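Heads up, the thing below is written out as structure tokens.
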Amino acid sequence: MLGIETSCDETAAAVVADGHTILSNVVASQMDIHAKFGGIVPEIAARKHIEAIGYVIKDAVDSSGKTLADMQAIAVTSKRGLIGSLLVGVAAAKSLSYTLKVPLIGVHHVEGHLFANILVNPRIPIPHVCLTVSGGHTMLVYVKDLCNYEVLGNTLDDAAGEAFDKIAKFLGMGFPGGPVIDRLAAQGNKTAFNFPRPVLRERGLDFSFSGLKTAVTNMFKDKVEKGYELPLTDVAASFQEAVVEVLVAKSMQAVLEKKVSALSISGGVSANRRLREAFSDVCERDGLQLFLPPLALCGDNAAMIAAAGHARLSRGEVSGLDIDAIPNAPLDIQDGR
Ligand code: KG4
Ligand code: ZN
């Protein structure tokens, strides 16, 4: 299975055998370009995908030890992402599918993230709950079966990764903010500031991070106006702790509600060291199996798309060459077309 992923700012291609064996996994990041603008510029992202896609696919196929003629199917992210970016991957995948006369499978980007753990853990219990948390989404998903999901909770405003990015930008730490805050927080005091834990007291499983973001920026401006010098490490650690605490609490609530014995976490924010530590502690305490992806599969990559495509193809689901790129498709609508 050749996987192709271009939903945001990473041009990625991968070759995966049998849904679980990664033969190659190539990711070309555009981060340096977008960092100059303090965020992803959709028009630039699409143009850069066009420049890179051919090379990235060639690199993925060559480094897999296979040839294009060996590819038995093409999986591509066709749903959820920036429209201009998605279109580049979808057009490349259609061309390859048509030329090689192999099936094409459209994959939802979030479904790809769910498969980051399934890919490397063939024995992961099904059903389980997955917290998928990135720059574009924060979702709790009940994985009832492979390719059969129920969205339990969603973000009402900013995604968790987006909150990391916005706070880092506000504090002048650069883009993307998650890895910078992760690093700074490691040297800070996580109890220095008592930031609000958004929607923690509400019983639903939705998330909201914009209030936390406002609380951090207001506190910072207020203190600076009064002449205080705030240690950025403490601000980073306290902010990160508030995000992690909410993610842990809502995930454990979802696990209880669905009575499952396993929790998986995926998406760019799952690389966060404090998050990994906090979830490991709480899952050990409660006797839950925890699945975290290796760092290379946390952020956007095409191996997870190939794995999801493999699962759909195994169920006989194939997309037509008229497949569309759909920027806002919900995860629940999964007809594979
Ligand atoms: O999954 P991903 O690569 O792309 C999307 O689908 O959005 O996630 C990117 C997001 C960014 O917001 C980035 O700041 C965040 O993941 N991120 C992190 C860390 N590494 C990446 N957030 C917190 N801690 C990290 N170590
Ligand atoms: Zn993603």
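Worth saying up front: this structure is predicted, and the values here are computed from it rather than measured. Just so you know, ligand 1 is whichever comes first in the structure, and atom 1 is the first atom listed for that ligand. Only this structure's heavy atoms are used, side chains among them; waters, hydrogens and symmetry mates stay out.
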Before giving the answer on side-chain contact (heavy atoms from CB on, under 4.5 Å), spell out for I22 and L297 the whole-Å C-alpha distance, their side-chain angles and the decisive distance to 0.1 Å.
CA-CA 11 Å; I22 300 176; L297 298 181; 4.1 Å; yes
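- Here the Zn ion (ligand 2) has protein N, O or S atoms under 2.8 Å from it, and they come to 3.
- A side-chain N or O of S7 and one of H109 form a donor-acceptor pair less than 3.5 Å apart.
- Distance CD/E5 to CD1/I305: 5.0 Å, rounded to 0.5 Å.
- A salt bridge between E43 and R47 is present, with a side-chain N of the basic residue lying under 4.0 Å from a carboxylate O of the acidic one.
- Which parts of ligand 1 touch G161 is read off a 4.0 Å heavy-atom cut-off, strictly below it: atoms 12 (O).
- The nearest protein atom to atom 13 (C) of ligand 1, hydrogens excluded, is given as D165 OD1, 3.8 Å; this is a heavy-atom distance.
- No salt bridge links D281 with R285; every basic N to acidic carboxylate O contact stays at or beyond 4.0 Å.
- Interface atoms of ligand 1 facing G135, defined by a heavy-atom separation under 4.0 Å, are 5 (C), 7 (O), 8 (O), 9 (C), 10 (C), 12 (O).
- Per-residue contacts place G136 under 4.0 angstrom from the following atoms of ligand 1 (heavy atoms of the residue considered): 7 (O).
- Contacts with ligand 1 closer than 4.0 Å are made by side-chain heavy atoms of H113 only, the backbone lying farther away.
- Looking only at heavy atoms of the protein, atom 5 (C) of ligand 1 is closest to S134 OG, 3.4 Å.
- Annotation: atom 2 (P) of ligand 1 to nearest protein heavy atom, D300 OD1, 3.5 Å.
- Between F164 and F239, the ring planes lie perpendicular to each other; the angle is over 60°, past the 30° to 60° tilted range.
- By the 4.0 Å N-to-carboxylate-O rule, E162 lies close enough to K166 to be salt-bridged with it.
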Evaluate the criterion side-chain hydrogen bond (donor to acceptor under 3.5 Å, both in side chains) for residue pair T6 and T11; output intermediate values, then yes/no.
CA-CA 5 Å; T6 61; T11 317; over 6 Å; no
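- Of the candidates D9, N272, I181, the one placing a heavy atom closest to atom 24 (N) of ligand 1 is N272.
- Each of K190, R197, R274 was compared with E241 under the salt bridge (Lys or Arg N to Asp or Glu O under 4.0 Å) criterion, and only R274 meets it.
- Closest to atom 26 (N) of ligand 1 among all protein heavy atoms lies D182 OD2, 2.8 Å.
- In terms of protein heavy-atom proximity, atom 22 (N) of ligand 1 is closest to G178 CA, 3.3 Å.
- Grouping the Ile, Leu, Val, Met, Phe, Trp and Tyr side chains by contacts below 4.5 angstrom, directly or via other members, places V243 with V282.
- Counting only non-hydrogen atoms, the option in A159, G268, S29, G267 that gets closest to atom 21 (C) of ligand 1 is G268.
- With no hydrogens or angles considered, no side-chain donor-acceptor pair links D158 and S210 at under 3.5 Å.
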